[in-house]
Amino acid sequence: MKWMLLVLIYGTIPVKTGLVFGTIEECLKAEEQMRSEYTRVYNAWRSWAEANPKDSQYPDSQKFNWRRDGMETTGTCIPHAESAAAPD
């Protein structure tokens with residue numbers, strides 16, 4: 001069975017990625033890598049914002065950037081429609 005990564009923007013809005021994996025483990029690893037990248041980007045922004053509060057309007061802008069940088073975005077793996085429709 002093939003698996004597709006489905007991204008949930010803000011944890012609620014589903015977006016099909018078109019990324020199909022041969023195993024669920026590969027799909028879950030891709031989701032983990034996606035989340036790691038979101039975390040890296042957010043942490044880089046936060047470090048800059050804490051060092052430059054006037055320019056970044058930190059901490060007032062923290063909640064906005066938390067959402068903008070995808071920290072509420074998650075992913076899940078669903079069976080791919082083509083493989084589900086194919087008879088075995």
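The first residue of the sequence shown is numbered 1, and numbering continues consecutively from there.
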For this session: Just do the side-chain contact (heavy atoms from CB on, under 4.5 Å) check on M4 and K16 with the steps written out, would you?
Result: CA-CA 8 Å; M4 183 172 67; K16 292 181 185 178; 3.7 Å; yes
Exercise. After noting the C-alpha distance and the side-chain angles of Y38 and R40, does the key distance pass the side-chain contact (heavy atoms from CB on, under 4.5 Å) rule?
Worked result: CA-CA 5 Å; Y38 285 146; R40 186 193 65 76; over 6 Å; no
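Linking ILVMFWY residues whenever their side-chain heavy atoms come closer than 4.5 Å, directly or via other members, places V15 and M34 in the same cluster.
Summarising the geometry, atom CD1 belonging to I24 is positioned 11.0 Å from atom CD belonging to E31; distances are rounded to the nearest 0.5 Å. Note: F21 CZ to C27 SG = 5.5 Å, rounded to the nearest 0.5 Å. In this structure, the separation between OG1 on T76 and CG on L8 is 7.0 Å, given to the nearest 0.5 Å. In this structure, CD in Q57 is found 12.5 Å from CG in N52, a value given to the nearest 0.5 Å. Note that the OG1 atom of T17 and the CG atom of L5 stand 4.5 Å from one another [nearest 0.5 Å]. Expressed to the nearest 0.5 Å, how far CG of D55 lies from CH2 of W48 amounts to 5.0 Å.
Annotation: E32, atom CD; neighbour count of heavy atoms from other residues, nucleotides and ligands within 6.0 Å does not exceed 12.
Across S56 and A49, no two heavy atoms sit closer than the pair OG-O, 3.1 Å.
Proximity of N43 to V41: side-chain heavy atoms (C-beta onward) are nowhere separated by under 4.5 Å.
Proximity of a side-chain donor or acceptor of E26 to a complementary backbone N or O of G22 within less than 3.5 Å is detected.
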